[in-house]
There are 2 protein chains.
Amino acid sequence: MNPSTANIEEAILSAILAGRIAPGTRLGEQKLADLFSVSRTRVREAMMRLETRGVVQVSARRGWYVVEPSAEEAREAFHTRRVIETGLLHTVRDISPKALGSLKEHVAAERAAIESGDVGSRACLLGDFHIHLADVLGNRLLTEIIRDLTARTTLISMLYQPTEKAEESSHDHEDIVAALEARDFERAASLMAEHIDNVEAGLDLDTKPDPLASLRELLSPSTFAGSPPSMPHAHTHGAPHAQPSSQRTKD
Amino acid sequence: MNPSTANIEEAILSAILAGRIAPGTRLGEQKLADLFSVSRTRVREAMMRLETRGVVQVSARRGWYVVEPSAEEAREAFHTRRVIETGLLHTVRDISPKALGSLKEHVAAERAAIESGDVGSRACLLGDFHIHLADVLGNRLLTEIIRDLTARTTLISMLYQPTEKAEESSHDHEDIVAALEARDFERAASLMAEHIDNVEAGLDLDTKPDPLASLRELLSPSTFAGSPPSMPHAHTHGAPHAQPSSQRTKD
DNA sequence: CTCTTCAAGCTTGCATACAAGTTTCGTGAG
DNA sequence: CTCACGAAACTTGTATGCAAGCTTGAAGAG
């Protein structure tokens, strides 16, 4: 089957949401075209759409790159999420048992992923919680907006998140769902504001993101047989974060 | 100078925001290409971007059309605006004198436009208030989101708004700014919720929008010399709104 | 050895050509 | 007069070709 523009768009976006594509990744038109077995035209359309959604950027005649949000843009993204998600919880008047049930299931899945140590699905689920929330409490339009914002946030976390806080996030989610179950939407909104603040506070927005992160990963100890080598001698100026990216997670 | 894709996109979006393009308007690629003196490729890019922003839609091999939101979509749009705009006012902690001043100026401009009877700039200003608010209280990202939502709302008003309520809207805006001046952000948020509810309540979402609106406008009394003719005999089934569209406004 | 210059290769930007489907309008049958 | 049919005109969908600019690496000067 021939993938449509929407398929390509969705494939890239969900890969970003799952944390499988790092910020700054180059997405060549021809390579993607080969990968999806379509012509560059289709790929270009998808990239253009993704650009208006704020997840990729084109650098003239150099290529398409997954966005690397600046500290300022990161703050804007979190501010926007705080506004929208607290607005949602503050506006909601009631919640159906079905919606509540699916949220509970989601949180349970989060905990399971954390306990089993499944880093990939864990990161995906933590971001997905917010999308799921918009889905059951809001509407399609709102869900789409939150989805794009979550993609942004995921990329931000990959760039600026020095420490792992999956458990705290999941716990926050749990509390929010508990407040929803008690129909205390005010409290849910406050908890959400706190939660988003926590996540933002867990970032290191003052240190410039490491431009060599991908290189460093390629040269990480596990790549070699036994002895962890010292970092390459030259060009190691300003390396703020030492963690391999697998320890990072979003949200 | 050769208009870029972004120029075309912006030209169309601002025309929609100003109420100069009606929902359902067909936007032919070739016509736009001629108009802007570029090839279809550039136009297509712009349309594609506008499609992801939710203001136009493509009907396969038939053409691009300015969206005609369904009643359901209209409700979603208003719900989303209520969530975001009350969320914004609820989140804000302070407002600078400069921001307050520019909002006051804006409301004054609204009143002036209403009193002078300048329908065009009036409609534009009423929608712009919300964008302006996001601009001074929020951030660029939020402003962009609100802008797209306002475009949607403008189109919705053109489809479903049977009566003129410019004065009420402007008065609501005034009250909101007054609450902001008093630093009573809770109150501002409530007023905003009320305001958006008012606007939505002023719509007639239950009656199907008139598919003959544009035709009817072409045949409106002012087009002819003196005598207002009766409507054309055939094909006048189900005409919910009788007002010429110039009486309608958004927001 | 270092720095500069330049050419080759690669990538996107843009236009155009053709394919595929839709609409419209004229023609002819009933 | 009405309806059905079909061809012509028109519109978007997609691929492709060439132009323009960026990157890189090699060669040469100092």
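Letters go in sequence order (proteins before strands), and every chain restarts at 1.
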Query raised in the report: If you pin A:Val38 and B:Glu29 to their nearest nucleotides in DNA chain D, which one's is more 5'?
Result: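 Taking each residue's closest nucleotide, the earlier one in sequence belongs to B:Glu29.
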
Query raised in the report: Are A:His106 and A:Asp128 close enough that some pair of their side-chain heavy atoms sits under 4.5 Å apart?
Result: yes

Query - Side chain proximity check, B:Val83 to A:Leu142, heavy atoms < 4.5 angstrom - result: yes

Interatomic distance, [X] [atom1] vs [N] [atom2] [rounded to whole Å]:
X: A:Asn7; N: D:dT14; atom1: CG; atom2: P; answer: 12 Å
X: A:Gln57; N: C:dT11; atom1: CD; atom2: C1'; answer: 17 Å
X: B:Met48; N: C:dC14; atom1: CE; atom2: P; answer: 14 Å
X: B:Glu51; N: D:dG13; atom1: CD; atom2: C1'; answer: 13 Å
X: B:Arg26; N: D:dC10; atom1: CZ; atom2: P; answer: 12 Å
X: B:Gln30; N: C:dA17; atom1: CD; atom2: P; answer: 12 Å
X: B:Arg62; N: D:dT12; atom1: CZ; atom2: P; answer: 11 Å
X: B:Asp34; N: C:dT16; atom1: CG; atom2: P; answer: 12 Å

Give me the distances for all protein-to-nucleotides 18-21 of chain D N/O pairs that come in under 3.5 Å?
residue: D:dA20; atom: N3; partner: A:Arg61; partner atom: NE; Å: 3.2

Below the 4.0 Å mark, does [N] have OP1 or OP2 next to a side-chain nitrogen or oxygen of [X]?
X: A:Arg42; N: D:dT14; value: yes
X: B:Arg44; N: D:dT12; value: no
X: B:Thr41; N: C:dC14; value: no

Query raised in the report: When Watson-Crick pairs (N1 to N3 and N6-O4 or O6-N4) and G-U wobble pairs (N1-O2 and O6-N3) count only below 3.5 Å on both distances, what is the dot-bracket string of DNA chain C, with | for other-strand pairs?
Result: ||||||||||||||||||||||||||||||

Query raised in the report: Does a donor on one side chain sit under 3.5 Å from an acceptor on the other, for B:Asn2 and B:Ser37?
Result: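 Not at all, the side chains of B:Asn2 and B:Ser37 share no donor-acceptor pair under 3.5 Å.
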
**Report entry** Check: B:Trp64/B:Gln57 side-chain N/O donor and acceptor closer than 3.5 Å
**Finding:** no

Query raised in the report: Reckon B:Val58 touches a base, only the sugar-phosphate, or nothing at all at heavy-atom distances under 4.0 Å?
Result: sugar-phosphate

Query raised in the report: How many angstroms lie between atom CD of A:Glu68 and atom CD of A:Glu73, to the nearest 0.5 angstrom?
Result: 10.5 Å

Query raised in the report: If you measure from CD1 on B:Ile145 to OG1 on B:Thr143, what distance do you get to the nearest 0.5 Å?
Result: 9.0 Å

Query raised in the report: Under the criterion salt bridge (charged side-chain N to carboxylate O under 4.0 Å, His left out), which of B:Arg40, B:Arg42, B:Arg61 is the partner of B:Glu29?
Result: B:Arg40

Query raised in the report: Just one of B:Arg82, B:Arg75, B:Arg81 clears the salt bridge (charged side-chain N to carboxylate O under 4.0 Å, His left out) bar with B:Glu200, so which one?
Result: B:Arg82

Requested in this report: List the steps, then state whether salt bridge (Lys or Arg N to Asp or Glu O under 4.0 Å) holds for B:Arg53 with B:Glu9.
Outcome: CA-CA 10 Å; B:Arg53 298 174 72 173; B:Glu9 201 182 341; 2.9 Å; yes

